[in-house]
Q: 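Before anything else, here's the structure in question.
In what follows, every heavy atom counts, from backbone to side chain, and hydrogens, waters and symmetry copies are set aside. Numbers restart at 1 for each chain; the letters A, B, ... are given by sequence-line order, proteins then strands.
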Number of protein chains: 2
Amino acid sequence: MDFTPLFHNFAKHITLTKTEEKYITSLLDFKIIKAKEFLVQQGEISKQSAFVLNGCLRGYTIDSEGTEHVLSFAPKDWWIADMYSLLSQKPGNLNIEAMVDTEVALISKTNQDLMYEKVPKLERFFRIIIEKSLVAYQQRLNDNLSLTATERYMKFCKTYPQLINDIPQKQIAAYIGVTPEFLSKLRAKQVKAK
Amino acid sequence: MDFTPLFHNFAKHITLTKTEEKYITSLLDFKIIKAKEFLVQQGEISKQSAFVLNGCLRGYTIDSEGTEHVLSFAPKDWWIADMYSLLSQKPGNLNIEAMVDTEVALISKTNQDLMYEKVPKLERFFRIIIEKSLVAYQQRLNDNLSLTATERYMKFCKTYPQLINDIPQKQIAAYIGVTPEFLSKLRAKQVKAK
DNA sequence: ATCATTTCTTAATCTAGGTTAAGTATTTTC
DNA sequence: GAAAATACTTAACCTAGATTAAGAAATGAT
């Protein structure tokens, strides 16, 4: 149960004292999520955010046809949560599932609010990472409005080179917004083009 | 030049003293943007965020084919900025244009950073509104991945009832991600269905 | 190692939504 | 208030990507 990667993450934007680190540690939970198990499932009210210490989670929704849509992958050093449910305290529609056995640091909403009071610097930290996340989602929405499936796939490959070989293609398809069959067709065409 | 709506907006999440309000006011600029004029254009490095006192702005990109994609409408009481450019201080790809004559309160990035130092409560305020914005973009991305054009149009009508009659249909089309011709077809079908 | 499950590929067929084009409102501008 | 510009509609035709289906390859469980 080593939270070092989390404190490295904090250190990217703020400086914490040893005392503050100990205090924060006291508010964290550690959990191992086995492959294919869930951190949250749709319909539940989310109680916590997760920071991935190692392994990989994915957040996805299931639409009325039963099709999955991946909203985010969270490999090592990424934050993930059903922000909608966490903020509104209403049932969410996100499933957060482990793609491989995954270790996470968990912060409950209650403890996060406590942390903000006791260590106001964290308010800045989370403002900054949420800003970055917002920019990424705006960019991705824009990509979905303006790029073809092929362009989105190529962009995904550039943006997540480490994930390409580690995750099933059907998950990439569910992220860029095409069927697995069509992604397969695209890739076959690209190979020929070389 | 009346910033009252902005302080009402702050009051939704934090409480400011009169002194703090005066200090913040000293860091704001007031500007009238005439219809069809720009607050920012793609290629520029954004220097400020805007809060709409009255009127309406829209943020859109133009893709390689010359097609416009609306990322956000900002009517009265909304915040808008090219967050990517503002945070990275690199040239952005967002155009922010007034749809009608619009009055805005502007905060430069420099002054915003100053404000965070002097009035740390604002750090919380902006964390909260950015969180909400993030949830909205996640939801919208999910809608674009999982809903049909008709469903997205109906959802837009529910979400922005006040905008429906005030903005050109082609802007709604550029927001939900269809051509104006196709939106026109959808609407004709809906009218018949009644 | 073997069987079962899941993932990936290929190919034929289909469709939501795009494109092109031409005509009809509706605004804007002077 | 007439002319020009912009927005909206309709319709014929087109295409990127979906669907269906069936086989091949990879992974996992026992």
Side-chain angles (χ1 to χ4, degrees), chain A residues 34-37 56 58 60 62-70 73 97-101 143-157 163-194, chain B residues 34-37 55-56 58 60 62-70 73 97-102 143-157 163-194:
Chain A
K34 289 269 183 67
K36 301 200 179 175
E37 286 183 353
C56 189
R58 64 185 249 269
Y60 65 95
I62 300 177
D63 68 22
S64 55
E65 319 275 74
T67 308
E68 292 185 2
H69 304 282
V70 174
F73 292 110
E97 187 186 322
M99 304 182 72
V100 294
D101 292 357
D143 289 347
N144 274 277
L145 291 172
S146 58
L147 304 180
T148 64
T150 311
E151 290 168 330
R152 274 176 277 142
Y153 177 62
M154 292 190 314
K155 199 157 180 178
F156 182 90
C157 293
L163 285 182
I164 292 294
N165 304 308
D166 287 0
I167 70 181
Q169 263 180 57
K170 57 180 289 199
Q171 309 290 8
I172 300 176
Y175 182 98
I176 63 176
V178 293
T179 57
E181 293 84 352
F182 189 69
L183 178 55
S184 186
K185 194 151 84 178
L186 289 186
R187 297 183 75 238
K189 218 178 290 172
Q190 286 188 348
V191 170
K192 268 184 210 157
K194 280 181 190 169
Chain B
K34 290 270 182 69
K36 301 199 180 176
E37 287 183 353
C56 190
R58 64 185 250 266
Y60 65 96
I62 300 176
D63 68 22
S64 54
E65 320 274 72
T67 308
E68 293 185 4
H69 304 282
V70 174
F73 293 110
E97 186 185 322
M99 303 181 72
V100 294
D101 293 357
T102 300
D143 289 348
N144 274 277
L145 292 171
S146 58
L147 303 181
T148 63
T150 310
E151 291 167 329
R152 274 176 277 141
Y153 177 61
M154 291 190 314
K155 197 156 182 180
F156 182 89
C157 293
L163 285 182
I164 291 293
N165 303 308
D166 288 0
I167 70 181
Q169 263 180 57
K170 58 180 291 202
Q171 310 289 7
I172 300 177
Y175 181 97
I176 65 176
V178 294
T179 57
E181 292 85 351
F182 189 68
L183 178 55
S184 186
K185 195 151 81 177
L186 289 186
R187 298 184 75 238
K189 219 179 290 174
Q190 285 189 348
V191 170
K192 268 183 208 157
K194 282 181 188 170

Q: Can you measure B:K185 atom NZ to D:dA12 atom P for me and round it to whole angstrom units?
A: 10 Å
Q: Specify the separation, in whole Å, of atom CG of A:D166 and atom P of D:dA26.
A: 17 Å
Q: To the nearest angstrom, how far is A:K189 atom NZ from C:dC8 atom P?
A: 19 Å
Q: Apply the test side chain to side chain donor-acceptor pair (under 3.5 Å) to residues B:R187 and B:Y153: give CA-CA distance (whole Å), side-chain angles for both, the deciding distance (0.1 Å), then the verdict.
A: CA-CA 9 Å; B:R187 298 184 75 238; B:Y153 177 61; 3.0 Å; yes
Q: Among the nucleotides D:dA16, C:dG18, D:dT10, which one has an atom lying closest to any side-chain atom of A:F182?
A: D:dA16
Q: Please state how far atom CG in A:L186 lies from atom P in C:dC8, giving the value in whole angstrom units.
A: 14 Å
Q: Spell out, as yes or no, whether a donor-acceptor pair under 3.5 Å connects the side chain of B:D101 to the backbone of B:A35.
A: yes
Q: Would you say B:R187 reaches D:dC8's phosphate, i.e. side-chain N/O to OP1/OP2 under 4.0 Å?
A: no
Q: Five pairs per end, C1' atoms only: what is the angle between the end axes of the helix from C:dA1-D:dT30 to C:dC30-D:dG1, to 10 degrees?
A: 70°
Q: Could you check A:E97 against A:E68 for side-chain contact (heavy atoms from CB on, under 4.5 Å), going step by step and ending with a plain yes or no?
A: CA-CA 12 Å; A:E97 187 186 322; A:E68 292 185 2; 5.6 Å; no
Q: Would you confirm whether B:E151, through its side chain, and B:T148, through its main-chain N or O, come within 3.5 Å as a donor-acceptor pair?
A: yes
Q: How many whole angstroms separate atom CZ of A:R152 from atom C1' of D:dG17?
A: 10 Å
Q: To the nearest Å, how far apart are A:H69 NE2 and D:dA18 P?
A: 10 Å
Q: The side chain of A:S184 is closest to which nucleotide in this list: C:dG18, D:dT9, C:dT9?
A: C:dT9
Q: Decide side-chain contact (heavy atoms from CB on, under 4.5 Å) for B:L147 and A:D63; before the verdict, give the C-alpha distance in whole Å, the side-chain angles of both, and the deciding distance to 0.1 Å.
A: CA-CA 8 Å; B:L147 303 181; A:D63 68 22; over 6 Å; no
Q: Measuring from atom SG of B:C56 to atom CG of B:D166, what distance do you get when rounded to the nearest 0.5 angstrom?
A: 8.5 Å
Q: Below 4.0 angstrom, which residues in residues 168-179 of chain B have at least one non-hydrogen atom near DNA chain D?
A: B:P168, B:Q169, B:K170
Q: Provide, to the nearest angstrom, the distance between the CG atom belonging to B:N165 and the P atom belonging to D:dA7.
A: 17 Å
Q: Using the closest heavy atom to pick a nucleotide of DNA chain C for each, name whichever of B:K36 or B:L147 lands nearer the 5' end.
A: B:L147
Q: Which nucleotide, C:dG17, C:dC8, D:dT9, lies nearest any side-chain atom of B:E181?
A: D:dT9
Q: Taking the side chain as C-beta and beyond, is there a heavy-atom pair between B:V70 and A:L145 under 4.5 Å?
A: no
Q: Picking from A:I176, A:L186, A:L183, what satisfies side chain to side chain contact (heavy atoms under 4.5 Å, CB included) with A:T150?
A: A:L186
Q: Would you mind reading off the distance between A:M99 atom CE and C:dT7 atom P, rounded to a whole angstrom?
A: 10 Å
Q: Taking the six-membered ring for Trp, are A:F156 and A:F73 parallel (under 30°), tilted (30 to 60°) or perpendicular (over 60°)?
A: perpendicular
